[in-house]
Engineer: 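This is the structure I have questions about; it appears just below.
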2 protein chains.
Amino acid sequence: MAGTPTANPTPCAECPIRRLALFEPLSTGLLELMQKHRLEQRDVPAGSLIYPQDARLDESFTVFQGWVMLHRTLSDGRRQVLRFALPGDFIGFQPDPESPVLHSAQALTAVRVCVFRQDSLMEMFREHPMLAIQMAWIASRDEALAHDHMTSLGRRPAKERIAQLFLEIQHRLAARGPVDERAGIPVPLKQEHIADALGLTTIHVNRTLRTLREAGMAVLRGGLLRIQNRAALVEMTGFRPDSFSRRPIL
Amino acid sequence: MAGTPTANPTPCAECPIRRLALFEPLSTGLLELMQKHRLEQRDVPAGSLIYPQDARLDESFTVFQGWVMLHRTLSDGRRQVLRFALPGDFIGFQPDPESPVLHSAQALTAVRVCVFRQDSLMEMFREHPMLAIQMAWIASRDEALAHDHMTSLGRRPAKERIAQLFLEIQHRLAARGPVDERAGIPVPLKQEHIADALGLTTIHVNRTLRTLREAGMAVLRGGLLRIQNRAALVEMTGFRPDSFSRRPIL
DNA sequence: CGACCTCTTGAGTGAGCTCAAAAACAGTGG
DNA sequence: CCACTGTTTTTGAGCTCACTCAAGAGGTCG
């Protein structure tokens with residue numbers, strides 16, 4: 001598995017993300033608990049896998065920095081991106097150690113994660129039921145996100161799918177810290193990633209991006225997403241921001 | 001909300017499903033706990049809603065008998081079926097009481113559910129951390145199921161989507177009790193439900209069902225699903241049964 | 001025996017796909 | 001600084017899978 005422990009492994013509880021007031025804060029007791037479990041940080045270079053499809057995971061992760069892409073690859077190479085994980089998101093939770101994960105997690109940018117050993121995680125849950133509840137909360141939120149995604153895939157035309165994705169990204173990033181829509185949000189997605197996420201071909205994504213651009217709605221260029229006419233996008237998709245409201249982090 | 005309490009409300013712990021050896025058994029301690037919380041049973045007639053989209057839920061449910069369909073409806077009427085819930089499945093978990101559910105749950109057949117009050121559920125979690133862990137497990141399994149579904153929607157042609165759905169249903173039902181594939185599995189789905197689940201039109205589902213039938217692979221007729229050439233379906237979809245392996249119930 | 005679903009089939013259309021090939025861009029090494 | 005190579009984006013042309021519109025056939029239930 002790719003990734004190297006940081007030179008000076010710091011407990012994750014000290015990670016910068018904890019200080020963002022926008023996240024639900026952990027109580028001091030929980031911080032101590034995490035310290036006790038000596039959680040390790042790990043840096044993963046852009047492009048490499050955090051874990052591969054079909055592996056038996058004995059670790060799971062909280063993303064601290066960077067973008068992670070979860071995707072499944074079928075035997076003939078077709079690929080479906082399941083989720084883009086952003087800082088604060090939890091990935092790789094696999095309660096049954098027997099069954100393999102059915103997707104890969106790949107770093108889209110340089111990524112820093114906090115590593116939980118699976119058994120250690122379970123122990124934490126046992127000691128601190130609240131954490132288990134939060135885990136259930138997180139999983140259930142991810143499921144709701146997946147539901148949005150499924151609705152796009154099943155029942156929206158290409159233009160709406162992209163609009164919806166843009167609004168979702170904008171909203172999720174905004175929940176993590178101030179973003180300047182007008183100036184442009186850093187988004188490390190290639191057109192191919194978008195295609196694989198939305199069930200389209202790269203070519204069709206390209207054409208659809210053009211129509212969005214020419215309609216003055218949104219531009220994705222040079223790793224920057226500019227939402228120019230939010231109202232029009234919202235109108236088109238019926239986007240309701242409360243879909244991704246409060247949530248705990250681990 | 002539709003549904004009436006059964007004439008003689010029995011604690012869910014006594015519900016027949018508990019006696020199925022195929023489910024992970026609950027310890028006696030947990031049974032007691034559930035008794036203590038005086039969980040109510042409720043019967044819901046075919047067709048009516050267990051909970052509607054956009055509602056604030058203060059209850060969640062374990063399905064005991066029948067089929068439940070979770071679906072989201074967009075403002076213009078397009079509909080996406082998110083999941084078919086079978087006996088033993090948990091639905092309506094909403095850890096944040098503030099945010100509304102983004103989908104409806106509708107009974108496809110006559111359904112019997114076990115009702116959990118949300119606050120009561122949280123209390124159970126606090127008293128019995130193991131339950132919270134199991135909840136996380138359940139949510140995470142549902143997410144994996146959603147991932148399969150997403151992959152179908154995004155990257156499979158109609159024929160494969162239907163084949164995959166059939167295999168999934170067959171497998172999930174088989175995990176709940178003996179089924180006779182050859183004789184036919186009772187499946188209460190109309191072609192319209194399949195269409196809304198798989199992101200297709202009813203008409204196209206119909207045509208595709210015909211090709212599957214004419215290819216001697218599978219037949220869905222009169223509420224019975226007959227899988228006639230399992231190998232061919234598996235070959236086509238790359239279906240791996242372990243996707244839906246062990247899991248706890250609440 | 002209508003009224004109403006659900007299923008089925010036909011004919012024509014279109015959104016999104018495939019194949020093919022420029023053009024823009026980002027590194028990389030001389 | 002520039003030629004060289006690989007990646008990403010863009011555009012064109014033609015095709016197909018799945019959609020729309022329309023209508024008939026089969027059930028089922030009051």
Side-chain angles (χ1 to χ4, degrees), chain A residues 45-48 67 69 74 76-81 106 108-110 152-165 186-215 218-226 236, chain B residues 45-47 67 69 74 76-81 106 108-109 152-165 186-215 218-226 236:
Chain A
S48 66
W67 285 54
M69 172 175 77
L74 299 181
D76 61 354
R78 284 173 293 181
R79 206 164 49 147
Q80 177 65 46
V81 171
Q106 185 173 19
L108 283 180
T109 64
S152 269
L153 287 169
R155 288 302 184 212
R156 289 184 193 280
K159 205 169 156 194
E160 283 183 37
R161 291 187 209 184
I162 294 184
Q164 165 88 16
L165 177 66
V187 169
L189 300 182
K190 308 292 176 203
Q191 295 182 357
E192 192 186 353
H193 298 135
I194 298 178
D196 283 337
L198 302 184
L200 304 168
T201 57
T202 325
I203 295 168
H204 197 59
V205 166
N206 183 289
R207 291 193 221 279
T208 310
L209 282 175
R210 173 152 55 108
T211 74
L212 283 177
R213 191 188 323 133
E214 286 170 357
V219 181
L220 178 63
R221 194 185 281 279
L224 278 187
L225 171 63
R226 261 171 236 274
M236 176 162 53
Chain B
W67 286 54
M69 172 175 77
L74 300 181
D76 61 354
R78 286 173 292 181
R79 204 164 52 147
Q80 177 64 47
V81 170
Q106 184 172 19
L108 284 180
T109 64
S152 269
L153 288 169
R155 287 301 184 213
R156 290 186 193 278
K159 205 170 155 193
E160 284 182 37
R161 289 187 209 184
I162 294 183
Q164 165 87 17
L165 177 66
V187 168
L189 299 182
K190 308 289 176 203
Q191 295 182 357
E192 191 186 354
H193 298 135
I194 298 178
D196 282 337
L198 302 183
L200 303 168
T201 56
T202 324
I203 294 167
H204 197 59
V205 166
N206 182 289
R207 291 192 221 279
T208 310
L209 282 175
R210 171 153 55 111
T211 75
L212 284 176
R213 191 189 324 134
E214 285 169 359
V219 181
L220 177 64
R221 195 185 279 279
L224 278 187
L225 171 63
R226 262 172 235 273
M236 174 162 56

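Per chain, numbering begins at 1; letters A, B, ... match sequence-line order.
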Engineer: Any chance you could measure B:L212, atom CG, to B:R210, atom CZ, to the nearest 0.5 Å?
Structural biologist: 11.5 Å
Engineer: Quick check for you: to the nearest 0.5 Å, what is the distance between A:R156 atom CZ and A:R161 atom CZ?
Structural biologist: 10.0 Å
Engineer: How long is the span from the CD atom in A:Q106 to the CH2 atom in A:W67, to the nearest 0.5 Å?
Structural biologist: 14.5 Å
Engineer: Rounded off to whole Å, could you give me the CG-to-P distance for the B:L189 and C:dT6 pair?
Structural biologist: 13 Å
Engineer: If you measure from CG on A:N206 to CD on A:Q191, what distance do you get to the nearest 0.5 Å?
Structural biologist: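 The CD atom of A:Q191 is 4.5 Å from CG of A:N206, to the nearest 0.5 Å.
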Engineer: Once you round it to whole Å, what is the distance between P of C:dA26 and NZ of A:K190?
Structural biologist: 9 Å
Engineer: Closest-nucleotide mapping onto DNA chain C: is A:R156 or B:L220 further toward the 5' terminus? I mean the 5' end.
Structural biologist: B:L220
Engineer: List for me each residue that meets side-chain contact (heavy atoms from CB on, under 4.5 Å) alongside B:T208, sequence neighbours excluded, and say none if there are none.
Structural biologist: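 Expected list: B:A158, B:K159, B:I162, B:H204, B:T211.
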Engineer: Can you tell whether the side chains of B:D196 and B:R78 come within less than 4.0 Å, N to carboxylate O?
Structural biologist: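 Looking at B:D196 and B:R78, the cut-off is not met.
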Engineer: Classify B:R221 by what it touches in the nucleic acid, base, sugar-phosphate, or nothing, heavy-atom distance under 4.0 Å.
Structural biologist: sugar-phosphate
Engineer: Go through residues 199-215 of chain B and report each residue with a non-hydrogen atom lying under 4.0 Å from DNA chain D, sorted by number.
Structural biologist: B:G199, B:L200, B:T201, B:I203, B:H204, B:R207
Engineer: Between B:R213 and B:R221, is the side chain to side chain contact (heavy atoms under 4.5 Å, CB included) condition met? List the steps.
Structural biologist: CA-CA 10 Å; B:R213 191 189 324 134; B:R221 195 185 279 279; 3.7 Å; yes
Engineer: Of all nucleotides in DNA chain D that come within under 4.0 Å of a heavy atom of chain B, which is furthest toward the 5' end and which toward the 3' end?
Structural biologist: D:dA18 to D:dA22
Engineer: Distance from A:L198 atom CG to A:S152 atom OG, nearest 0.5 Å?
Structural biologist: 7.0 Å
